[in-house]
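First comes the structure, then the notes that go with it.
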Amino acid sequence: MLFNSLSYALFLPIVFWLYWFVTNKSLKWQNIMLLTASYFFYGCWDWRFVFLLAFSTLLDYYSGLVIGNATSQTKKKFWLILSVGINLGFLAVFKYYNFFISSFAELLATFGFKAHFATLQVILPVGISFYTFHGLSYVFDIYNNRIKPTTNLVNYTLFVSFFPLLVAGPIERATHLLPQIEKTRAFNRTKAVDGLRQILWGLFKKIVIADNCATYANMIFNNSEDYSGGGLFLGALFFTFQIYGDFSGYSDIALGSARLMGFELLKNFNYPYFSRDMAEFWRRWHISLSSWFKDYVYIPLGGSAGGNWMRCRNTFIIFLVSGFWHGANWTFIIWGLLNALFIMPSILLRSNRSNMDIIAKGRIFPDPIDFAKMLLTFVLAVFAWIFFRAASVTEAVDFTMRIFDFGAASKAVDAPIYLYLLISFFMIIEWIGRENDFAIQKLGLKWAAAPRWLFYYSLLFLIYLFFGKDEQFIYFQF
């Protein structure tokens, strides 16, 4: 069930009505209803994978109980390793087995050995990387005595499978979401309206910006040999706006849907394309994943306590693991490596935390130096996205090299003028609202009713105008 589909437009109001008007007298029944809705939502993708989700949930729930009540460190460590091993084992089989087998066969071929290994014809379960990390964070936090294990299976299962975040995040922590599940929630009209505004902006990002950019990004990347440097650079730009509109749009719809039910999920995007260096970019892009790797990989490796060597080593590990998390392709690993290289100057100069506030806070325009930094950071992100989007490393390298070919193209990029206008409008609104949780959170609240509603209805009209492609969200493949 896609967020940008009519089925979700029907599903969400039904869940909202049942939640606030049928089961509202009992927290237990509210949670049971949300859990049922979440499993129905997930089962709409492929009902067979519901059993995998349930098994992973039960494994981490029981592991958490054993670890939390264990009297010996050996027993705690055994159940931690068991839970982590089985969860990562599922990821390895479904997501990485064919990649490892193919890479090993290619390695043998370079030494003159021809090997044929059987590959698995399996479908990647939607959201497996996300709900696996939900469960792992819970087990890690119990092991490190950050939280106590819950004895309520319904509450824990809802934490793992809550439908707004189940298939593409944000990656939640038990320390943040589980307490909200365990306490009584009262309807708050202000929060609900705020959630509707965030859903509206998320749908605009996805349907109007991302899906329109996808048409031309796909056309250029799939036929890159037909375009010269200018056309290829446009293709990279279209994908840059596509992936941001697509993924941050999903996150906005997820956070808005959760807010309708009285929950506050972790913020996943904070205007990353307005960053002044790559360190700031990664504090603002896919925040829940970046913070997950920081807390559960970077810090356990020693963090930045051991001088420049350890800081650089651990940073490279984090970005390589992040790249590999995204998919079983060398392009993602190179993408992670590039981001590690781009962030190195700020790591070595210890300036990686110099840009903590949003750019030009309290002002309309940035100063020239900040603008230049923002532009450079944006160009570096665009360059890295080429490897993320390309089908192979060879294709990405060729695409990048030919961007600097300014010869005549055999084919022009025939993107309509309205697409450039929509992207410009989108970035202007994002800039105006960059100090808020989402761009239109406070936009128009002080306007008269007529222009405020004209703005909202204009967004709705654009969504209606471009609705119907049912483009799957990019991060569903991860």
Side-chain angles (χ1 to χ4, degrees), residues 35 38-39 41-43 45-46 48-65 67 79-100 120 122-144 146-147 149-150 153 156-178 247 250-251 254 265-266 268 286-298 300 318 320-328 332 336 473-478:
L35 178 57
S38 297
Y39 266 71
F41 176 85
Y42 192 67
W45 298 102
D46 191 322
R48 293 169 297 179
F49 292 133
V50 167
F51 298 103
L52 182 64
L53 171 63
F55 177 82
S56 177
T57 301
L58 289 171
L59 170 68
D60 293 333
Y61 171 75
Y62 184 73
S63 298
L65 287 176
I67 293 170
W79 278 94
L80 174 70
I81 293 172
L82 182 68
S83 177
V84 173
I86 293 176
N87 277 295
L88 295 184
F90 281 140
L91 275 180
V93 170
F94 283 100
K95 196 169 182 178
Y96 302 112
Y97 175 82
N98 290 344
F99 170 76
F100 284 127
L120 298 178
V122 294
I123 302 171
L124 180 67
V126 173
I128 187 172
S129 297
F130 291 92
Y131 69 69
T132 296
F133 273 34
H134 292 156
L136 288 179
S137 69
Y138 173 75
V139 175
F140 283 138
D141 284 346
I142 293 173
Y143 181 82
N144 292 313
R146 296 191 185 107
I147 58 172
T150 180
L153 179 59
Y156 175 74
T157 306
L158 180 57
F159 155 69
V160 174
S161 61
F162 186 37
F163 71 88
L165 55 80
L166 178 55
V167 295
I171 300 171
E172 270 292 347
R173 310 291 184 86
T175 51
H176 180 252
L177 182 56
L178 201 52
F247 194 21
Y250 178 94
S251 294
L265 301 183
L266 293 171
N268 217 16
H286 203 174
I287 300 168
S288 63
L289 180 67
S290 300
S291 63
W292 198 100
F293 279 126
K294 182 192 76 172
D295 291 342
Y296 300 114
V297 181
Y298 183 78
I318 286 297
L320 289 174
V321 172
S322 177
F324 197 51
W325 177 90
H326 280 83
F332 297 119
F473 288 86
I474 293 174
Y475 266 68
F476 282 10
Q477 64 184 298
F478 306 135

Quiz prompt | Heavy-atom closest contact (Pro170 atom, Ala254 atom, distance) | solution = CD-CB, 4.5 Å
Quiz item: Are Phe49 and Tyr42 side-chain neighbours, meaning at least one heavy-atom pair lies under 4.5 Å?
Solution: yes
Practice problem: Output, in order, the C-alpha distance, side-chain angles, deciding distance and verdict of side-chain contact (heavy atoms from CB on, under 4.5 Å) for Leu165 and Leu177. | Solution: CA-CA 11 Å; Leu165 55 80; Leu177 182 56; 3.9 Å; yes
Quiz item: So, Ser83 and Asp60: side-chain donor and acceptor under 3.5 Å apart, yes or no?
Solution: yes
Quiz prompt | Leu266 side chain near Ile287 side chain, heavy-atom distance below 4.5 Å | solution = no
Quiz item: Do the non-hydrogen side-chain atoms of Phe162 and Phe41 ever get within less than 4.5 Å of each other?
Solution: no
Quiz item: Parallel, tilted or perpendicular: which describes the rings of Tyr138 and Tyr156, with under 30° parallel and over 60° perpendicular?
Solution: tilted
Quiz item: Can you tell me how far OG1 of Thr175 sits from CD1 of Ile147, rounded to the nearest 0.5 angstrom?
Solution: 6.5 Å
Practice problem: Of all the heavy-atom pairs spanning Pro300 and Asp295, show the shortest one and how long it is. | Solution: CD-O, 3.4 Å
Quiz item: Between atom CG of Asn87 and atom OG of Ser56, what is the distance when rounded to the nearest 0.5 Å?
Solution: 4.0 Å
Quiz item: Does His326 reach the main-chain N or O of Ser322 with its side chain, forming a donor-acceptor pair under 3.5 Å?
Solution: yes
Self-check item: Under 3.5 Å donor-acceptor, Asn268 side chain and Ser288 backbone
Solution: yes
Practice problem: Drop me the distance from Tyr131's OH to Leu53's CG, to the nearest 0.5 angstrom. | Solution: 5.5 Å
Quiz item: From Ile318 CD1 over to Trp292 CH2, what is the distance, rounded to the nearest 0.5 angstrom?
Solution: 9.5 Å
Quiz item: Do you know which two heavy atoms are closest between Leu166 and Ser38, and how far apart they sit?
Solution: CD2-O, 4.1 Å
Quiz item: Going through the distances and angles, do Leu136 and Tyr296 end up as a side-chain contact (heavy atoms from CB on, under 4.5 Å)?
Solution: CA-CA 9 Å; Leu136 288 179; Tyr296 300 114; over 6 Å; no
Quiz item: Sub-3.5 Å donor-acceptor pair from the side chain of Asn144 to the main-chain atoms of Arg146, do we have one?
Solution: no
Quiz item: In terms of ring plane angle, is the pair Phe247 and His286 parallel, tilted or perpendicular, where the classes change at 30° and 60°?
Solution: perpendicular
Practice problem: Begin from the C-alpha positions of Ile171 and Ser137 and carry the test side-chain contact (heavy atoms from CB on, under 4.5 Å) through to its verdict. | Solution: CA-CA 9 Å; Ile171 300 171; Ser137 69; 5.8 Å; no
Exercise. Quick one: sort the Trp79 and Tyr62 rings into parallel, tilted or perpendicular, breaks at 30° and 60°.
Key: perpendicular
Practice problem: Give a yes or no answer on whether the side chain of Glu172 reaches the backbone of Val160 with a donor-acceptor pair at less than 3.5 Å. | Solution: no
Quiz item: Tell me, do Tyr61 and Thr157 make a side-chain contact under 4.5 Å, heavy atoms counted?
Solution: no
Quiz item: Which class fits the ring pair Phe130 and Trp325: parallel under 30°, tilted 30 to 60°, perpendicular over 60°?
Solution: perpendicular
Exercise. Could you please spell out the steps behind the side-chain contact (heavy atoms from CB on, under 4.5 Å) verdict for Ser63 and Leu80?
Key: CA-CA 7 Å; Ser63 298; Leu80 174 70; over 6 Å; no
Quiz item: How many angstroms lie between atom OG1 of Thr150 and atom CZ of Phe159, to the nearest 0.5 angstrom?
Solution: 11.0 Å
Quiz item: Between atom NE2 of His134 and atom OG1 of Thr57, what is the distance when rounded to the nearest 0.5 Å?
Solution: 10.5 Å
